[in-house]
Enquirer: 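What follows is a single structure, and I will ask about it in a moment.
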Amino acid sequence: MAGSLTHLDAEGRARMIDVGAKPETRREALARGRMVTTAEVVRLLQADGLPKADALATARIAGIAGAKRTSDLVPLCHPLPIDAVTVDLRPDGHSVVIEARVSTTGRTGVEMEALTAVTIAGLTLHDMVKAVDPAATLTDVQLIEKTGGKHGRWTRDQVRAEPEAVRTGGGRVLVVSTGAAAGTRTDTTGSRIASWLREQGLETPEPMVVADADVAAGLRAVLLDGPDVLITTGGTGPSPTDRTPEATAAVLDRPFPGIAEALRVRAGTPTAALGRGVAGLANGTVVVNLPGSTGGVDDGLTVLADLLPHLRHQVRGEADHEHGAHQSTPHPAS
């Protein structure tokens with residue numbers, strides 16, 4: 001659901017919103033998270049075999065206390081008269097599922113209280129198991145459902161909070177570089193790609209620059225504009241911080257492995273085999289990963305110069321007479 005950020009005033013400053021005029025209603029929220037560990041640690045948790053006290057019971061109490069202290073921990077949350085808090089921890093293979101349900105009768109919801117309960121319970125559980133598994137991970141903390149207020153009941157299974165893309169067409173460039181995002185290095189590839197896209201007749205704004213860790217969010221943000229073509233540069237190698245291919249694959253409806261392979265072949269250097277870039281279609285947008293080097297970008301644009309016009313026609317379902325020779329022609333009967 002699109003809308004303005006209610007916790008910012010007209011000048012962009014953080015504020016606590018005034019809920020005094022809202023009616024009091026019964027409100028409830030359910031949140032869930034997961035602590036991923038090992039099957040052996042889960043067995044120890046169930047058998048109360050850890051060096052510290054009963055870990056599951058301790059985490060449960062901590063989650064309840066966290067829900068009650070949410071307004072102390074999250075600056076813009078209102079103090080609420082909580083009616084009830086339940087925190088459940090359920091062993092599940094090599095992980096523990098944590099669920100928290102919070103209810104109140106008031107003028108604002110208890111989503112943050114439920115999410116805080118899950119988080120504090122998970123952190124407490126991590127503290128209890130770190131001696132035997134310091135690599136345990138708290139993950140997937142999310143709101144599952146909420147009820148009450150003017151919006152009634154919301155569940156995660158409904159249409160997601162992400163707005164539908166409004167197709168504006170044109171081209172977009174996403175530069176993936178932690179250094180460029182921090183201002184410690186100058187990117188030379190994004191502007192190169194943007195200029196090339198404009199030469200192809202695609203209206204293209206200045207590149208968007210994101211750190212490697214933010215590439216998934218950057219991709220989603222650009223795709224919401226519904227461009228015809230999105231080209232990324234950077235983050236395609238084997239380094240642990242290179243995440244562009246994984247983030248791109250997650251948004252693709254139809255992969256184009258041939259394009260990715262053609263880009264690697266064109267590079268013509270042994271190190272090109274280390275490139276992991278992908279290409280495909282994401283809700284009508286052609287997405288292509290290019291390397292973060294100027295040479296790699298130049299090679300990639302050379303390949304795309306031959307492919308992109310034909311590909312755009314195909315994606316739109318239009319006849320492409322200039323590339324008709326690629327279509328098979330029946331031989332005359334002998």
Side-chain angles (χ1 to χ4, degrees), residues 27-74 77 80 82-104 109-147 153-158 160-161 212-217 238-243 245-251 276:
R27 299 168 183 265
E28 192 171 280
L30 172 66
R32 182 181 300 144
R34 182 182 292 269
M35 193 194 73
V36 181
T37 178
T38 67
E40 175 61 17
V41 169
V42 173
R43 187 191 67 77
L44 290 172
L45 286 169
Q46 291 176 296
D48 192 16
L50 291 171
K52 295 188 178 182
D54 185 344
L56 294 176
T58 303
R60 185 178 300 111
I61 295 299
I64 294 172
K68 294 163 65 176
R69 296 293 298 276
T70 298
S71 63
D72 294 331
L73 300 170
V74 184
C77 282
L80 293 176
I82 293 177
D83 295 335
V85 182
T86 59
V87 177
D88 293 318
L89 295 97
R90 185 175 69 254
D92 180 23
H94 62 281
S95 64
V96 177
V97 178
I98 307 166
E99 288 190 347
R101 187 178 295 274
V102 184
S103 60
T104 186
V110 283
E111 302 97 308
M112 292 307 302
E113 284 72 13
L115 289 164
T116 301
V118 168
T119 304
I120 297 299
L123 290 174
T124 301
L125 200 57
H126 189 288
D127 180 52
M128 305 293 279
V129 307
K130 66 185 180 185
V132 290
D133 182 19
T137 304
L138 178 62
T139 186
D140 296 333
V141 177
Q142 55 190 288
L143 182 68
I144 301 302
E145 66 178 25
K146 64 174 182 175
T147 59
R153 184 171 184 264
W154 176 93
T155 71
R156 181 161 288 275
D157 293 334
Q158 295 173 346
R160 304 287 179 158
D212 289 271
D214 299 325
V215 60
S239 167
T241 59
D242 290 333
R243 306 175 182 177
E246 288 79 10
T248 304
V251 300
R276 302 184 304 110

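Hydrogens, waters and symmetry mates are skipped; everything else that's a heavy atom, side chains included, is used.
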Enquirer: What pairs with Ser95 under side chain to side chain donor-acceptor pair (under 3.5 Å), at least two apart in sequence or on another chain?
Expert: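 Once residues adjacent in sequence are excluded, the partners of Ser95 under the side chain to side chain donor-acceptor pair (under 3.5 Å) criterion are Arg34.
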Enquirer: Would you sort out whether Leu45 and Leu125 count as a side chain to side chain contact (heavy atoms under 4.5 Å, CB included), showing the intermediate values?
Expert: CA-CA 10 Å; Leu45 286 169; Leu125 200 57; 4.0 Å; yes
Enquirer: Does a side chain donor of either Thr241 or Ser239 reach within less than 3.5 Å of an acceptor in the other side chain?
Expert: yes
Enquirer: Which residues pass the side chain to side chain contact (heavy atoms under 4.5 Å, CB included) test with Arg90, sequence neighbours left out?
Expert: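 Here the qualifying residues are Val97, Glu99.
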Enquirer: Any side-chain heavy-atom pair from Leu143 and Trp154 closer than 4.5 angstrom?
Expert: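 Sidechains of Trp154 and Leu143: in contact.
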Enquirer: Flag the pair Glu40 and Arg43 as a salt bridge only when some basic side-chain nitrogen lies within less than 4.0 angstrom of an acidic carboxylate oxygen.
Expert: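 So Glu40 pairs with Arg43 through a salt bridge.
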Enquirer: Identify the heavy atoms of Ile98 and Ala121 that sit nearest to each other, and give their distance.
Expert: CG2-CB, 3.9 Å
Enquirer: For Ile64, check side chain to side chain contact (heavy atoms under 4.5 Å, CB included) against everything at least two apart and list the hits.
Expert: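 By the side chain to side chain contact (heavy atoms under 4.5 Å, CB included) rule, Ile64 matches Lys68, Val85, Val87.
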Enquirer: Between the side chains of Asp133 and Lys130, is the shortest nitrogen-to-carboxylate-oxygen separation below 4.0 Å, so that they form an ion pair?
Expert: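 No salt bridge links Lys130 with Asp133.
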Enquirer: Go through the structure and list residues passing side chain to side chain contact (heavy atoms under 4.5 Å, CB included) with Ala247, not counting sequence neighbours.
Expert: Val215, Ala216, Leu219
Enquirer: Does some side-chain heavy atom of Met35 sit less than 4.5 Å from a side-chain heavy atom of Val129?
Expert: yes
Enquirer: I need the minimum non-hydrogen distance between Thr70 and Glu113, along with the two atoms involved.
Expert: OG1-CA, 3.5 Å
Enquirer: Show your reasoning for whether side chain to side chain contact (heavy atoms under 4.5 Å, CB included) applies to Thr58 and Met128.
Expert: CA-CA 9 Å; Thr58 303; Met128 305 293 279; 3.9 Å; yes
Enquirer: Return the set of residues passing salt bridge (charged side-chain N to carboxylate O under 4.0 Å, His left out) with Glu28 (not counting sequence neighbours), or none when no residue passes.
Expert: Arg101
Enquirer: For side chain to side chain contact (heavy atoms under 4.5 Å, CB included), just list the numbers for Asp127 and Leu123, CA-CA rounded to whole Å, side-chain angles, deciding distance to a tenth of an Å, and then say yes or no.
Expert: CA-CA 6 Å; Asp127 180 52; Leu123 290 174; over 6 Å; no
Enquirer: On a heavy-atom basis, which atom in Ala114 and which in Ala100 lie closest, and how many Å separate them?
Expert: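 Looking at all heavy atoms of both residues, the shortest contact is O-CB, 3.6 Å.
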Enquirer: Without swapping roles, check the side chain of Thr104 against the backbone of Val102 for a donor-acceptor pair under 3.5 Å.
Expert: no
Enquirer: Which distance, rounded to the nearest 0.5 Å, do you find between the CZ of Arg243 and the CG of Asp214?
Expert: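 Reported to 0.5 Å precision, the distance equals 9.0 Å.
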Enquirer: Do Thr155 and Ile144 come close enough that some side-chain heavy atom pair is under 4.5 Å?
Expert: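 A side-chain contact under 4.5 Å is absent here.
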Enquirer: Tell me, please, which residues at least two apart from Val141 pass side chain to side chain contact (heavy atoms under 4.5 Å, CB included).
Expert: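 Expected list: Leu115, Val118, Thr119, Leu138.
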Enquirer: So if I apply the side chain to side chain contact (heavy atoms under 4.5 Å, CB included) rule between Leu56 and each of Asp88, Leu89, Thr124, which one comes out positive?
Expert: Leu89
Enquirer: Tell me the closest heavy-atom pair linking Pro91 and Val42, and the distance in Å.
Expert: CB-CG1, 3.6 Å
Enquirer: Tell me whether Arg276 contacts the main-chain N or O of Asp242 through its side chain, where contact means a donor paired with an acceptor under 3.5 Å.
Expert: yes
